[in-house]
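Below is one structure, written out as structure tokens; the observations come after it.
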Amino acid sequence: MQRFGQVIGLRPEDAAEYIRLHADVWPGVLAKIEACNMRNYSIFRYKDLLFAYFEYIGDDYEADMAEIAADETTQEWWALCGPMQQPVPERADGEWWHTIEEVFHVD
């Protein structure tokens, strides 16, 4: 199992709508997340910054993320949520949510 932490900005004018959408995430989006080996997925908000945490239990992360990206329902969800987000300047090429370094963990 791999743990991931990611950050992205949230446009302040869209915060209420973003929270509303995530209070009732589409079942197809949730099913695809599970099918692609993501578990314990959470998004936290601190002012205009979103922090996501998830655990990946698969053995081909790139293939699973590509499957999520190719999913029609997920693409529709991203079309709604994407304009509300603002990637951080430090993101890598091709990255939307910026993956950050884990510096501490204890079970």
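Just so you know, these numbers use all the heavy atoms, side chains as well, and skip hydrogens, waters and symmetry mates.
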**OP:** Using the rule that two of Ile, Leu, Val, Met, Phe, Trp, Tyr join whenever any of their side-chain heavy atoms come within less than 4.5 Å, decide whether F4 and I100 are in one cluster.
**Re:** no

Original post:
Is V7 linked to L50 within one hydrophobic cluster, defined over Ile, Leu, Val, Met, Phe, Trp and Tyr using a side-chain heavy-atom separation of less than 4.5 Å?
Top reply: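 No; L50 is not reachable from V7 via cluster members.
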
If you take all heavy atoms of [X] and [Y], which pair is closest and at what distance?
| X | Y | answer |
| --- | --- | --- |
| P83 | D14 | O-OD2, 4.0 Å |
| D48 | P12 | OD2-CG, 3.4 Å |
| I57 | M1 | CG2-CG, 4.0 Å |

Original post:
Residues two or more places apart in sequence or in another chain: which of them pass side chain to side chain contact (heavy atoms under 4.5 Å, CB included) with P87?
Top reply: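 Applying side chain to side chain contact (heavy atoms under 4.5 Å, CB included) to P87 gives I8, R91, W96.
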
Subject >> Contacts of F44 that satisfy side chain to side chain contact (heavy atoms under 4.5 Å, CB included) - sequence neighbours left out >> reply: S42, F51

**OP:** Hey, can you tell me if W77 and W26 have their rings parallel, tilted or perpendicular (30° and 60° cut-offs)?
**Re:** perpendicular

Subject >> All pairs passing salt bridge (charged side-chain N to carboxylate O under 4.0 Å, His left out) where residues 98-107 contributes a residue, at least two apart >> reply: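 Passing the test, one end in residues 98-107: R3-E102.
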
**OP:** Just grab all the salt bridge (charged side-chain N to carboxylate O under 4.0 Å, His left out) pairs involving residues 15-37, residues at least two apart or on different chains.
**Re:** E17-R20, K32-E67

Original post:
How far does CD of Q2 sit from CG of D59, to the nearest 0.5 angstrom?
Top reply: 10.0 Å

Subject >> D71 side, atom CG; I33 side, atom CD1 - distance, nearest 0.5 Å >> reply: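 The CG atom of D71 sits 10.0 Å away from the CD1 atom of I33.
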
With a 4.5 Å heavy-atom cut-off, do [X] and [Y] have their side chains touching?
| X | Y | answer |
| --- | --- | --- |
| L10 | Q86 | no |
| I43 | W97 | yes |
| H22 | C81 | yes |
| I19 | R45 | yes |

Original post:
Has E72 got more than 12 heavy atoms of other residues, nucleotides or ligands less than 6.0 Å from its CD?
Top reply: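 Not buried by this count: 12 neighbours or fewer within 6.0 Å.
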
**OP:** With sequence neighbours left out, write down each residue that passes side chain to side chain donor-acceptor pair (under 3.5 Å) with D64, or none if nothing qualifies.
**Re:**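 In terms of side chain to side chain donor-acceptor pair (under 3.5 Å), with neighbours along the sequence ignored, D64 is linked to N37, Y56.
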
**OP:** Evaluate side-chain contact (heavy atoms from CB on, under 4.5 Å) for M84 paired with L21, printing each intermediate quantity in order.
**Re:** CA-CA 11 Å; M84 299 179 199; L21 284 171; 3.6 Å; yes

Subject >> Contacts of Y53 that satisfy ring pair (Phe, Tyr, Trp, His ring centres under 6.0 Å) - sequence neighbours left out >> reply: none

Original post:
Is it the case that E55 and Y41 place a side-chain donor and acceptor less than 3.5 Å from each other?
Top reply: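 No.
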
